[in-house]
Amino acid sequence: MKKTFLIMAITTAGISFGQNKIQYPESKKGETVDVYFDTKVSDPYRWLEDDKSAETGAWVKAQNEVTYGYLDKIPFREELKKRMEKLWNYEKISAPFVEGKFTYYSKNNGLQNQSVIYRKGKDGKEEVFLDPNTFSKDGTTSLGGLNFSKDGNKAAYAISEGGSDWRKVIIIDALSKKAIEDTLVDVKFSGVAWHGNEGFYYSSYDKPKGSELSAKTDQHKLYYHKLGTSQKEDKVIFGADQKRRYIGGYVTEDDKYLVISAANSTYGNELYIKDLTKANSPIVTIVDNFNSSNQIIENEGTKLFIETDLNAPNTRVVTVDISNPKPENWKDFIKETQNILSPSTGGGFFFANYTKDAVSFVQQYDYSGKLIREIKLPAVGTAGGFGGKKDEKTLYYSFTNYTTPGTIYSLEPKSGKSAIYQKPVVDFKSDDYESKQVFYTSKDGTKIPMIITYKKGTKLDGKNPTILYGYGGFNISLTPSFSIANAVWLENGGVYAVANLRGGGEYGKKWHDAGTKLQKQNVFDDFIAAGEYLIAQKYTSSAFLAIRGGSNGGLLVGATMTQRPDLMKVALPAVGVMDMLRYHTFTAGAGWAYDYGTSQDNKEMFEYLKGYSPVQNVKAGVKYPATMVTTGDHDDRVVPAHSFKFAAELQEKQTGPNPVLIRIDVKAGHGAGKSVAATIQENVDIQAFTLYNMGFKALPKK
């Protein structure tokens, strides 16, 4: 129900506002008009969607010159960077894992752009296995995955260039660390699942004919690569005849079964299984629809253990025999509770990691379903890990919260004995700060949890610089975690608040669904109510409130600032989904329709999306908050055109002195794999911009 007509570029003059004295780059306007269900919608900045054009490249360069010219003049920016670098400069070590004859782990000495993979043999001697810092001179090529063959003697690792979701897969002899065949290319949204030692499964799309960064990709396929053959010979295992947007394959630990998950959206999946012990065995259907989320997490012979939210919105684990695996034969193994379940296996046990009001507690079960113990966590916060192979004697888990740097613990699953394995040494006085969980009331009366972190003794006088962070989508839960950037913010007298909005996964599928499609406004209302609560309780005031979010959270910020521009002083939308009428036309965007719906669904859905879409709701003559949009020029998840068009609209229509800037990272994507140097600089610029626009001429240390 959409047609486009009349594309003719015209030019508008560069804009300057007397009080802020910013001469914004020229953003020409076209006359593109789309028609949705007999409603005309203009799209004057459609040309910015062409990421391959010289015009778009020149616009990006000009915008960055203005943005960095502004940031360079902030008097305390360099001081902020020095403190951020000092605090960031501590050794970070991951939990170890065993493959073949070696124990592997990652380590960063503090300010290395990318963490290095090390290993130790039986002699205990440490050696570098993979150093992603050598992949590129500027740190923009990162490690995107590492998987080993069954015997540990071969490995396949994926690399991402410039932050792109497109990967290359390099296959090496793990003993000599030398490449053993040609690199696989054009791999996207994929793991590497080895079957034995001679080959592996992976997923990808056909390379688009247009821009690989923005062209639509919607038919995923699962391939098998046999070592010693070319990629052109790789067989399609699933997806050639059944069109699906997301397909994943993984092999059970005993190497007997290939499990296939297929989906058309970010929620709900079909589930299939194939017996790899029998030649030409059929692919057997377990779940044949997209109405629930399902994953095989373990098997014991022919007995499958499936994590599912079918008839269990908070998730349960069920068992079934592979001979008759349909849902009607499923039996509860770990029953659904009022808390959200995320299970894992390792060391011969199951671990039920529950989320209750956005914080963790963990229970351990044996294979008969008997509760063995609750794992005692060091404090209130977020625990993760507890996974490993069946025969491992020691497992590892991490613990963190907003004031506690991530610490790794070892766990002996048979005895339950736990001990600190690696505790980072960070120049931050955690005991000087506290977190408080509150429950505030949203517009429709729903109680929403929020955790507020600040320095002990902070005076609630309405003058504390405050960042309110949110996401509210895709069943993702925001649980407490430590951040160096947030620690610096706290040190400078800042308050950091995280609201657990509807649309997220904090209270299961019902909570998620309450923030989707025609109920998406609930998410924005929840966020607005969070800001109003912080102001009413005098943590801050509108003059000292900033709102921040990324990706779907960038949409959250964009919608909130256009609906309530008076609520906050600063808006910080990052890599946001800003054009809700066209998001589904780029890369894998159509897969987000479970949460959003699309403008092509029906007239009601179109009008609802148009009613909150940030790009379409910037109004002339409105005083918007000081805004710094952030994105990456190689973001092929949420294409940067979303941010480009939103910034152009704001720069044209802003009234008053508040600046509207867009900071575009070059050779960067949606965020994953970004170098430490780039991450630090981005956080420095965001905090400097925020404090400066709250009126601070120096860092407000308290």
> Checking T458 side chain against Y454 main chain: does a donor-acceptor pair fall under 3.5 Å?
Replying inline: no

> Do Q651 and Q63 have side-chain N/O donor and acceptor atoms under 3.5 Å apart?
Replying inline: yes

>> Testing the basics here: between T655 and G621, what is the closest heavy-atom pair and its distance to 0.1 Å?
In response: OG1-CA, 3.0 Å

>> Rounded to the nearest 0.5 Å, what separates atom CH2 in W59 from atom CD in E26?
In response: 12.5 Å

>> Tell me the closest heavy-atom pair linking Q23 and V66, and the distance in Å.
In response: O-CG2, 3.6 Å

>> Applying salt bridge (charged side-chain N to carboxylate O under 4.0 Å, His left out) as the test, list every pair that has at least one member in residues 429-443; sequence neighbours left out.
In response: none

> Hey, are Y45 and E652 close enough side-chain-wise for a donor-acceptor pair under 3.5 Å?
Replying inline: yes

>> Looking at every non-hydrogen atom in both residues, tell me the closest pair between Y596 and V577 and how far apart they are.
In response: OH-CG2, 4.0 Å

>> Could you check whether any side-chain N or O of N492 sits under 3.5 Å from a backbone N or O of G494, counting only pairs where one atom can act as donor and the other as acceptor?
In response: no

>> Checking N108 against Q114: is there a side-chain donor and acceptor pair closer than 3.5 Å?
In response: no

>> Working note: Y421 + Y409, criterion ring pair (Phe, Tyr, Trp, His ring centres under 6.0 Å); need CA distance, chi angles, decisive distance, verdict.
In response: CA-CA 5 Å; Y421 173 78; Y409 291 79; over 10 Å; no

> How about Q563 and Q521: does a side-chain donor come under 3.5 Å of a side-chain acceptor?
Replying inline: yes

>> Given 3.5 Å as the limit, does a donor-acceptor pair link the side chain of T560 with the main chain of V557, or not?
In response: no

> Out of curiosity, M450 CE to Y440 OH, how far, rounded to the nearest 0.5 Å?
Replying inline: 5.5 Å

>> By the side-chain hydrogen bond (donor to acceptor under 3.5 Å, both in side chains) test, which pairs, at least two apart or in different chains, include something from residues 80-89?
In response: K81-Q681, R83-D427, R83-E491

> Quick check: does any side chain N or O of S94 sit under 3.5 Å from a backbone N or O of Y105, one acting as donor and the other as acceptor?
Replying inline: no

>> If we count only N and O atoms by modelled type, under 3.5 Å, do the side chains of S442 and D526 hold a donor and an acceptor together?
In response: yes

> salt bridge (charged side-chain N to carboxylate O under 4.0 Å, His left out) with K520: which residues, sequence neighbours excluded?
Replying inline: none

> How many angstroms lie between atom CG of N113 and atom CD1 of I680, to the nearest 0.5 angstrom?
Replying inline: 8.5 Å

> Backbone N or O of S160 within a donor-acceptor pair of the S164 side chain at under 3.5 Å?
Replying inline: no

> Would you call D461 and K538 a salt bridge, using N to O less than 4.0 angstrom?
Replying inline: no

> Can you list the residues that meet the side-chain contact (heavy atoms from CB on, under 4.5 Å) rule with A487, with sequence neighbours excluded?
Replying inline: L87, F428, F482

> Distance from S106 atom OG to I117 atom CD1, nearest 0.5 Å?
Replying inline: 5.0 Å

> Does H512 use its side chain to pair, donor to acceptor, with the backbone of G505 at less than 3.5 Å?
Replying inline: no

> Would you say the side-chain atoms of N353 pair up with the backbone N or O of S360, donor to acceptor, closer than 3.5 Å?
Replying inline: no

> Among all residues two or more places apart in sequence or in another chain, which pass the salt bridge (charged side-chain N to carboxylate O under 4.0 Å, His left out) test with K569?
Replying inline: none

>> On a heavy-atom basis, which atom in E374 and which in V362 lie closest, and how many Å separate them?
In response: CG-O, 3.2 Å

>> Looking at every heavy atom in both D357 and Y507, which two are closest together, and how far apart are they?
In response: OD1-OH, 2.6 Å

> Angle class for the Y471/F474 ring planes (parallel below 30°, perpendicular above 60°, tilted otherwise)?
Replying inline: tilted

> Is the number of heavy atoms from other residues, nucleotides or ligands under 6.0 Å of K137 NZ greater than 12?
Replying inline: no

> Of all heavy-atom pairs between L545 and T540, which one has the smallest distance, and what is that distance?
Replying inline: N-OG1, 3.9 Å

> In chain order, what residues pass the salt bridge (charged side-chain N to carboxylate O under 4.0 Å, His left out) check against D444, with sequence neighbours excluded?
Replying inline: R502

> Can you find a side-chain donor-acceptor pair between Y397 and S418 that sits under 3.5 Å?
Replying inline: yes

